[in-house]
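Could you have a look at this structure, given as structure tokens, before my questions?
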Amino acid sequence: MSSNFGRPAAVAADYAWIGADEDGGLFSAYCLTLVRGVTPREFMDRLGAQIMFDALELAEEFTDLSFQYWDAPHYGDVQFIGATTVTGDGGDWTLALEVNGHLGVTPAVVIPVSAGTRLVSHRYNGGNAFGGFYWIEDGDIRLEFEPLFAYHREGSTPDALLEDMKQIGFDLEEDREDIGPTTTAAFALAERLTGVRVTPAMLDDAVFLCGTAADG
């Protein structure tokens with residue numbers, strides 16, 4: 001698979017800008033979901049979300065609200081999530097972002113959201129070093145893996161993207177000396193599946209339809 005718009009296919013190095021964020025910035029604890037041909041409003045409806053803001057920037061209020069839902073009375077069972085429109089392969093996609101969230105990698109949540117379309121999501125949490133990656137087609141989990149352990153893959157077609165993963169820079173050997181790229185590689189693989197290149201400018205300029213949704 002490859003991205004569109006005449007760009008070379010994405011590799012982990014294209015997302016080197018994320019590296020500093022892994023040490024305490026936005027991408028030290030995030031979940032990012034991309035859904036083809038579904039508007040942000042439709043996406044939130046599929047989540048069963050309660051809308052709180054029609055247009056919120058990715059700034060302090062977004063982050064503060066995200067962490068509040070880990071306190072009483074929710075303790076993380078309800079998450080704050082924002083959705084915006086971006087351009088990718090085949091037209092418009094919804095990009096949904098959670099700070100310190102996990103809705104996008106919770107199968108009970110995103111399998112229904114993927115009905116009739118493609119959904120790609122990935123997560124990393126530096127607090128516990130946990131990550132995840134999902135490629136879902138109309139309810140079918142085609143690929144699921146932990147970027148830190150990319151040699152172990154599940155799903156209905158776990159090896160369908162092996163060549164792409166090698167080109168991106170994933171280390172697919174179980175017996176290895178170096179881990180290789182993980183979060184940056186997940187962003188690159190998501191781009192190859194969606195055509196959406198996430199950039200700092202995209203995030204800075206975006207306004208999000210925001211609300212809360214239960215994780216199951």
Side-chain angles (χ1 to χ4, degrees), residues 12 15-35 43 47 49 56 58-84 94-111 113 119-136 141 143-155 165 168-171 176 178-191 193-194 196 198 200 202-203 206 208 210-216:
Y15 288 92
W17 60 271
I18 288 170
D21 270 354
E22 291 182 349
D23 297 325
L26 175 63
F27 294 108
S28 64
Y30 79 94
C31 185
L32 189 145
T33 304
L34 293 159
V35 190
F43 172 83
L47 281 183
L56 186 67
L58 186 59
E60 186 175 358
E61 187 172 14
F62 192 113
T63 301
D64 288 347
L65 284 166
S66 300
F67 280 96
Q68 284 178 24
Y69 282 88
W70 286 96
D71 296 328
H74 301 293
Y75 297 109
D77 291 340
V78 172
Q79 298 281 291
F80 185 80
I81 186 169
T84 191
T94 281
L95 181 153
L97 185 64
E98 303 165 69
V99 175
N100 199 41
H102 57 249
L103 294 174
V105 293
T106 301
V109 174
V110 290
I111 286 176
V113 173
L119 183 149
V120 177
S121 60
H122 50 99
R123 178 199 182 203
Y124 177 71
N125 188 320
N128 55 22
F130 175 82
F133 188 100
Y134 281 84
W135 164 30
I136 307 175
I141 298 176
L143 174 64
E144 172 190 356
F145 70 99
E146 154 67 88
L148 186 61
F149 308 109
Y151 55 82
H152 178 73
R153 298 170 302 280
E154 298 181 338
M165 293 176 75
I168 284 167
F170 280 105
D171 190 329
R176 57 190 174 169
D178 297 317
I179 293 173
T182 55
T183 300
T184 56
F187 271 86
L189 186 59
E191 181 180 333
L193 284 163
T194 66
V196 176
V198 179
M202 170 196 287
L203 298 175
F208 292 83
C210 295
T212 59
D215 65 0

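Side-chain atoms are counted along with the backbone in the values below, which use heavy atoms only and exclude waters and symmetry mates.
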message: Can you tell me how far apart CG (L34) and CG (L95) are? Round to the nearest 0.5 Å.
response: 5.0 Å
- prompt: Roughly how far apart are T184 OG1 and I168 CD1, rounded to 0.5 Å?
  reply: 9.5 Å
field: Spacing of F27 atom CZ and I18 atom CD1 [to the nearest 0.5 Å]
entry: 5.0 Å
Least distance between heavy atoms, F208 atom then G82 atom: CD2-C, 3.5 Å
field: With sequence neighbours excluded, residues passing side-chain contact (heavy atoms from CB on, under 4.5 Å) with T94
entry: P40, F43, A83
task: Taking all non-hydrogen atoms of both residues into account, name the closest pair between V110 and G104 and its distance.
output: CG1-O, 3.4 Å
- prompt: Is the backbone of L32 close enough, under 3.5 Å, to the side chain of R123 for a donor and an acceptor to pair up by distance?
  reply: no
task: Go through the structure and list residues passing ring pair (Phe, Tyr, Trp, His ring centres under 6.0 Å) with H74, not counting sequence neighbours.
output: Y69
message: Testing H152, E154, M165 one by one against F145 for a side-chain contact (heavy atoms from CB on, under 4.5 Å), which residue passes?
response: M165
message: Quick check: closest heavy atoms across A185 and F170, and the distance to 0.1 Å?
response: CB-CZ, 3.4 Å
Working for ring-ring contact (aromatic ring centres under 6.0 Å, His included), residues F80 and F62: CA-CA 8 Å; F80 185 80; F62 192 113; 5.2 Å; yes
message: I need the minimum non-hydrogen distance between G76 and D215, along with the two atoms involved.
response: O-OD2, 3.6 Å
- prompt: Can you list the steps and then say if H122 with F187 is a ring-ring contact (aromatic ring centres under 6.0 Å, His included)?
  reply: CA-CA 8 Å; H122 50 99; F187 271 86; 4.5 Å; yes
field: Where W17 and V198 come nearest, the two heavy atoms and their spacing
entry: CZ2-O, 3.3 Å
field: Under 3.5 Å donor-acceptor, E146 side chain and L148 backbone
entry: yes
message: Side chains of V99 and F67, heavy atoms from C-beta outward: is any pair under 4.5 Å?
response: yes
query: Does the side chain of N100 come within less than 4.5 Å of S66's, by heavy atoms?
result: no
task: Please answer whether the main-chain N or O of I141 pairs with a side-chain N or O of E144 as donor and acceptor at a distance below 3.5 Å.
output: no
task: For residues I81 and A96, report the shortest heavy-atom separation together with the two atoms involved.
output: CD1-CB, 4.0 Å
Side-chain (E98) to main-chain (L103) donor-acceptor, under 3.5 angstrom: yes
- request: Please report the C-alpha distance between T33 and L119 in whole Å, then the side-chain angles of each, then the deciding distance to 0.1 Å, and finally whether the side-chain contact (heavy atoms from CB on, under 4.5 Å) criterion is met.
  value: CA-CA 7 Å; T33 304; L119 183 149; 3.9 Å; yes
Distance in Å, L97 CG paired with L203 CG, rounded so as to fall on 0.5 Å steps: 7.0 Å
Close side-chain approach of V35 and V113, heavy atoms under 4.5 Å: yes
task: Would you indicate whether the side-chain heavy atoms of Y15 and T183 approach each other to under 4.5 Å?
output: no
message: Donor-acceptor check, side chain of Y124 to backbone of P147, threshold 3.5 angstrom: yes or no?
response: no
- prompt: For the atom pair OG1 (T84) and CG (L58), what is the distance rounded to the nearest 0.5 Å?
  reply: 10.0 Å
- request: Would you check if the side chain of T194 reaches a backbone N or O of V196 as a donor-acceptor pair within less than 3.5 Å?
  value: yes
Spacing of CG belonging to L193 relative to OG belonging to S121, to within rounding of 0.5 Å: 10.5 Å
